[in-house]
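A quick write-up on the structure given underneath.
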4 protein chains.
Amino acid sequence: MFSKFLSLEPEKQERILNAALKEFAQKGYKNASTNEIVKEANISKGLLFHYFNNKKELFLFLYDYSLDIFMNEFFGKIDMNVKDILKRWPQIALVKIEVIRKYPEIFNFIVAANTENASEIKNDLELRNKEIITSSYAKVLEDIDISKFREGIDIKRAINIIIWTAEGLANQEKAKAKLSSLGQINYEKVLAEFDIYIELLRNCFYK
Amino acid sequence: MFSKFLSLEPEKQERILNAALKEFAQKGYKNASTNEIVKEANISKGLLFHYFNNKKELFLFLYDYSLDIFMNEFFGKIDMNVKDILKRWPQIALVKIEVIRKYPEIFNFIVAANTENASEIKNDLELRNKEIITSSYAKVLEDIDISKFREGIDIKRAINIIIWTAEGLANQEKAKAKLSSLGQINYEKVLAEFDIYIELLRNCFYK
Amino acid sequence: MFSKFLSLEPEKQERILNAALKEFAQKGYKNASTNEIVKEANISKGLLFHYFNNKKELFLFLYDYSLDIFMNEFFGKIDMNVKDILKRWPQIALVKIEVIRKYPEIFNFIVAANTENASEIKNDLELRNKEIITSSYAKVLEDIDISKFREGIDIKRAINIIIWTAEGLANQEKAKAKLSSLGQINYEKVLAEFDIYIELLRNCFYK
Amino acid sequence: MFSKFLSLEPEKQERILNAALKEFAQKGYKNASTNEIVKEANISKGLLFHYFNNKKELFLFLYDYSLDIFMNEFFGKIDMNVKDILKRWPQIALVKIEVIRKYPEIFNFIVAANTENASEIKNDLELRNKEIITSSYAKVLEDIDISKFREGIDIKRAINIIIWTAEGLANQEKAKAKLSSLGQINYEKVLAEFDIYIELLRNCFYK
DNA sequence: AATGAATGAGGCTTCATTCAT
DNA sequence: AATGAATGAAGCCTCATTCAT
């Protein structure tokens, strides 16, 4: 399908990927201009369509590519031997942070793609996400040791609370960072904060 | 600024607002067509620009207008005498549901506006949201009775967990509804589920 | 449908029609350029699409318009009181010549449209032609006096021979004109030639 | 001129010719895509232009090639010893049918090429046709026995009527076939009909 | 105030042709 | 001879915005 593009010299591939990633992340699908992409990538108009046929296929290629890199990196780094969810969870947060630090543009693109309204791609994105999200959640929660939960606790819902707390904290910190002058997240502080919440939840749910 | 528009006969004002609300909610900022808006509102092309100068100002006027209506209705209905956060919170959820049911188009528009990437409006939206969100959170959490919390509990963070759990549950149900055949949220079921989580959290945090 | 265009000042309408007629007649549907049309008509790009939505609708409007003018003029001038086919036929040929002389561009366009391969419009043209051609033939042959035919003559086929002879002659003369230096048909000569054929056929088929 | 192409292995030559023939016949000159041709022929883009320089020369080479094959086959099969035009003519029709059945793609291409409006090739086609048509007509009518014609008959014009009748009938049947569900010509029926017309004309023109 | 014709820049996409390998 | 990546002009069409009436 995209063999023409994939057999390109890596340097050029990257130039095109980065240009497209950046343009889509900044402006969204509809507003992104293929003109800008080719200008930034320093290739001709025709060449982009030689590789990707049309704007939509370029976008979806980029999405699959980004998700692939992100997920591989992510799951490659998680230690599934940690069975205690309150220990695995901080680990996952750490790994996620590392991956974002390693591929910031890719992460930006994925986030932007999912805060997107363009009807042309909505279905295709949802199709891809449905599968990925459910399978990722399952994987991340796989093989959790539930023996540590206090008796009488509704374990399924307790786990949900743990997850939502983690997400909530992450979003809060992101929002704070946006408001601050630097726009940068202080990861060390976040992790420390994270530990406090974990302790709080441990007292609630564990024996 | 928009005095010309505001001194219009109310019926015509509404026609224009509804047409624009609907178009933006359905298609997003960039994809929305001023042509469709004037056709739906049954006014001339020139008139729209006579009132609002350009598309962006129309959109932002609509956003301010929507937020205003929504917030007024929302805060008008909340009973601030309920000081127990685990009781106020379900109340807030109920009120939110009522307001959404009363102004579905306005709510759709606000949601759509915030899942929007168009670079032309991103900054302006964020500017508006920054202020609103922080002040709303403060208001909703005002005057909470913390005497019920067990001793030794980190109250500020416990409240955060409560909030994030509520948000997490809401998002989960929205996602479920999207995947289901109807696409409709069963509010009664959600509220029942909500109660279970509240009980779980009460056992954790309260005396 | 095309009310916007039709309520234009006639001078501008004509400018646009002529420009489009000429471009399509010269280059065929696919090869014709809307860019050239607007340049020739001295209007902006957007305006053409404001009137006609897209290239195909412009073309089909032109076709219906051309056929309408041509047919009205044509049938308006034929004297249906002439019942003898060998007299009506030269009359028809004469009328056709007159109409072509009056609207040469329109005739050129109709001919060009029908020597056209573009798949985008083939169906629409055939749809229009099927109806027009059968009804025209019927009208032109309506009420013919067959009492003059010799007994034993297969009248239906004899009439076909008469028609095909007329068409054959007309095509031959057109081809000759194309080869000559002027490219112009000498109508007087053609009519004289026509009379000779009519006499020949009268001797064959009539009492 | 095309020596490079002609010194190719015949199998490859044929692959290219058939691919191009098919594409042009189906889509017309302008609409035909050199991309599709090279894909179908399984050669590289560059090679096509190495052999034919450009699209136009490819098309005209194909036209000359097709006409050459068609005419050779056609004239090779006609029995010029049949001197009676009313007998030679059905023979010619039969031969034409045989050749079309033998080389359907070539015939399709020739027909399509001549119902083509593309300005780039119009002149070149007309140039080629002018010569071919006049010389073919002369050849086909060569050495006709005119002694059978009744005295007083204008023989040259009578022959024209015979020719036009044959053409008229052929076109009528083609049009009928197009409208029918199958789109196929029933050759046996056409030939029977042909015989009726020949008898009619024999009674008119022959002693 | 109100209209809607008119603009023209910019959008995506196609395609014959070239050229380095 | 043979490849196919690369070009860029030209194609059709959209759309916010302006302006004469």
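For B:Tyr51 and B:Phe61, the gap between ring centers reaches or exceeds 6.0 Å. Checked against the 6.0 Å centroid criterion, the rings of A:Phe59 and A:Phe24 qualify as a close aromatic pair.
Stem regions for DNA chain E, each three or more consecutive Watson-Crick or G-U pairs with both distances under 3.5 Å and listed by first number, read E:2-21 with F:2-21.
Between C:Lys55 atom NZ and F:dC13 atom P there is a gap of 8 Å when expressed in whole angstrom units. Distance NZ (D:Lys56) to C1' (E:dC15): 18 Å, rounded to an integer number of Å. Here E:dC12 presents its P atom at 14 Å from CZ of A:Phe59, a figure rounded to the nearest Å. In this entry the distance linking CZ of C:Phe2 with C1' of E:dG4 reads 19 Å, nearest Å.
Side-chain contact of D:Asn31 with C:Tyr29: a donor-acceptor pair under 3.5 Å is absent, judged by distance alone.
Residues forming a side chain to side chain donor-acceptor pair (under 3.5 Å) with D:Lys27 (at least two apart in sequence, or on another chain): D:Glu23. In this structure, C:Glu57 has no salt bridge (charged side-chain N to carboxylate O under 4.0 Å, His left out) partners at least two apart in sequence or on a different chain. Residues satisfying the salt bridge (charged side-chain N to carboxylate O under 4.0 Å, His left out) criterion with C:Glu116, sequence neighbours excluded, are absent altogether.
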List the steps and the verdict of salt bridge (charged side-chain N to carboxylate O under 4.0 Å, His left out) for C:Glu126 and C:Lys130.
-> CA-CA 6 Å; C:Glu126 279 170 14; C:Lys130 207 184 282 192; over 6 Å; no
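DNA chain F lies under 4.0 Å from at least one heavy atom of each of the following residues of residues 25-53 of chain D: D:Ser44, D:Lys45, D:Gly46, D:Leu47, D:His50, D:Tyr51. Contact check of residues 3-22 of chain C against DNA chain E (heavy atom, cut-off under 4.0 Å) returns C:Lys4, C:Leu8, C:Lys12.
Side-chain N or O atoms of B:Asn108 include none that pairs as donor or acceptor with a backbone N or O of B:Lys22 at under 3.5 Å.
A side-chain hydrogen bond (donor to acceptor under 3.5 Å, both in side chains) with D:Tyr63 is found for exactly one of D:Asn114, D:Asp124, D:Asp68, namely D:Asn114.
Taking both residues in full, the closest heavy atoms of A:Ala25 and B:Lys122 are given as O-NZ, 4.3 Å, listed atom of the first, atom of the second, then distance.
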